[in-house]
Amino acid sequence: MSDRLRIVGFLCNWCSYAGADLAGTTRLKHRAEVRIVRVPCSGRIDPVFILKAYERGADAVIVGGCHPGDCHYVSGNLNARRRFLVIRKLLEFIGIEPDRFEVTWCSAAEGEKWAKVVNEVCDRVEALGPFEAYKAITPPVRGPVKEVTTGEE
């Protein structure tokens with residue numbers, strides 16, 4: 001297993017993803033540990049996506065969306081903002097440190113902001129160490145399904 005951090009980024013297609021792309025195409029210095037999942041809107045991020053990321057071993061999750069009030073879908077990021085306040089409390093309740101979850105509003109023109117957020121989150125999570133609690137919440141691996149016969153053939 002790699003010593004690198006495993007960070008998942010759920011990014012809005014219209015703003016944050018484009019900002020991350022800008023950071024890469026302009027060769028801004030930022031860490032490469034974030035694996036990006038492009039979503040249509042931050043308002044479409046189901047809380048289960050975030051929980052599944054931790055369950056599957058993510059050290060942190062970054063959610064990125066358009067600035068509130070500038071959503072391509074009008075109010076998607078406003079709904080997301082309310083939802084993320086609750087998710088943050090849920091994560092803390094189940095034992096996931098608040099520093100392992102970041103929400104950022106980043107426009108398509110803010111490549112520098114995206115690079116700064118990534119570097120800050122990576123540094124913070126690196127100081128915390130790897131997230132090992134997922135091992136306790138990951139369901140056990142089951143073997144192949146056996147065919148059941150009734151004996152009546």
Side-chain angles (χ1 to χ4, degrees), residues 1-139 141:
M1 189 161 84
S2 171
D3 290 339
R4 295 183 72 179
L5 298 174
R6 295 171 307 233
I7 299 176
V8 177
F10 294 102
L11 304 184
C12 157
N13 178 60
W14 303 102
C15 286
S16 295
Y17 182 82
D21 188 49
L22 179 64
T25 56
T26 56
R27 299 178 187 255
L28 295 174
K29 291 201 181 276
H30 65 288
R31 302 203 23 195
E33 284 88 352
V34 179
R35 298 296 173 252
I36 295 174
V37 178
R38 186 158 84 175
V39 295
C41 175
S42 59
R44 298 294 297 159
I45 299 170
D46 190 316
V48 173
F49 297 170
I50 295 166
L51 294 173
K52 282 288 186 186
Y54 289 114
E55 179 187 45
R56 294 187 179 176
D59 294 311
V61 172
I62 301 173
V63 174
C66 304
H67 288 281
D70 288 336
C71 181
H72 186 78
Y73 298 103
V74 182
S75 62
N77 56 6
L78 299 177
N79 295 332
R81 185 170 58 176
R82 287 189 297 272
R83 189 178 303 132
F84 297 145
L85 292 173
V86 174
I87 291 170
R88 193 176 299 278
K89 290 179 183 178
L90 172 67
L91 294 175
E92 195 170 352
F93 177 76
I94 63 175
I96 297 173
E97 297 101 329
D99 282 344
R100 294 188 185 275
F101 181 65
E102 180 73 25
V103 177
T104 185
W105 310 113
C106 178
S107 78
E110 293 179 309
E112 287 183 27
K113 179 179 180 180
W114 171 253
K116 181 181 176 194
V117 167
V118 166
N119 289 333
E120 288 173 357
V121 169
C122 287
D123 291 345
R124 230 176 28 227
V125 173
E126 200 167 50
L128 290 171
F131 180 63
E132 297 291 332
Y134 76 92
K135 293 176 182 173
I137 58 177
T138 303
V141 176

Rounded at 0.5 Å granularity, tell me how far [atom1] in [X] sits from [atom2] in [Y].
{"X": "Ile62", "Y": "Thr104", "atom1": "CD1", "atom2": "OG1", "result": "8.5 Å"}
{"X": "Asn77", "Y": "Phe84", "atom1": "CG", "atom2": "CZ", "result": "9.5 Å"}
{"X": "Tyr17", "Y": "Leu22", "atom1": "OH", "atom2": "CG", "result": "12.5 Å"}
{"X": "Phe10", "Y": "Ser16", "atom1": "CZ", "atom2": "OG", "result": "13.5 Å"}
{"X": "Ile94", "Y": "Tyr54", "atom1": "CD1", "atom2": "OH", "result": "9.0 Å"}

Checklist line | salt bridge (Lys or Arg N to Asp or Glu O under 4.0 Å) contacts touching residues 90-104 (sequence neighbours left out) | finding: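 Found Glu97-Arg100, Asp99-Arg124, Glu102-Arg124.
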- Would you list the pairs meeting salt bridge (Lys or Arg N to Asp or Glu O under 4.0 Å) in which at least one residue belongs to residues 68-89, sequence neighbours left out?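 Not a single pair qualifies under salt bridge (Lys or Arg N to Asp or Glu O under 4.0 Å).
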**Asked** Within the side chain of Asp59, is there an N or O that forms a donor-acceptor pair under 3.5 Å with the backbone of Pro130?
**Response**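 No; judged by distance alone, with no hydrogens or angles, the pair does not exist.
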For the side chain of Lys113 and the backbone of Trp105, is there at least one donor-acceptor N/O pair under 3.5 Å apart?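 Present.
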Could you give all pairs that pass the side chain to side chain donor-acceptor pair (under 3.5 Å) test and reach residues 30-41, with sequence neighbours left out?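 Counting only pairs at least two positions apart or across chains, the side chain to side chain donor-acceptor pair (under 3.5 Å) contacts touching residues 30-41 are Asn13-Arg38, Arg31-Glu33, Arg31-Asp123, Arg31-Glu126.
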>> Does anything in residues 18-27 form a side chain to side chain donor-acceptor pair (under 3.5 Å)? List the pairs, not counting sequence neighbours.
In response: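 Those involving residues 18-27 do not exist here.
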- Partners of His72 by side chain to side chain donor-acceptor pair (under 3.5 Å), sequence neighbours excluded?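 For His72, no residue satisfies side chain to side chain donor-acceptor pair (under 3.5 Å) once neighbours in sequence are set aside.
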Side-chain donor/acceptor pairs under 3.5 Å, residues 40-53, sequence neighbours excluded:
unit_1: Asp46; atom_1: OD1; unit_2: Val48; atom_2: N; d: 2.8
unit_1: Lys52; atom_1: NZ; unit_2: Glu55; atom_2: OE1; d: 3.0

Where [X] and [Y] come nearest, the two heavy atoms and their spacing:
{"X": "Val34", "Y": "Gly9", "result": "CG1-N, 3.9 Å"}
{"X": "Cys66", "Y": "Trp14", "result": "SG-CB, 4.4 Å"}
{"X": "Phe131", "Y": "Ala58", "result": "CD2-O, 3.4 Å"}

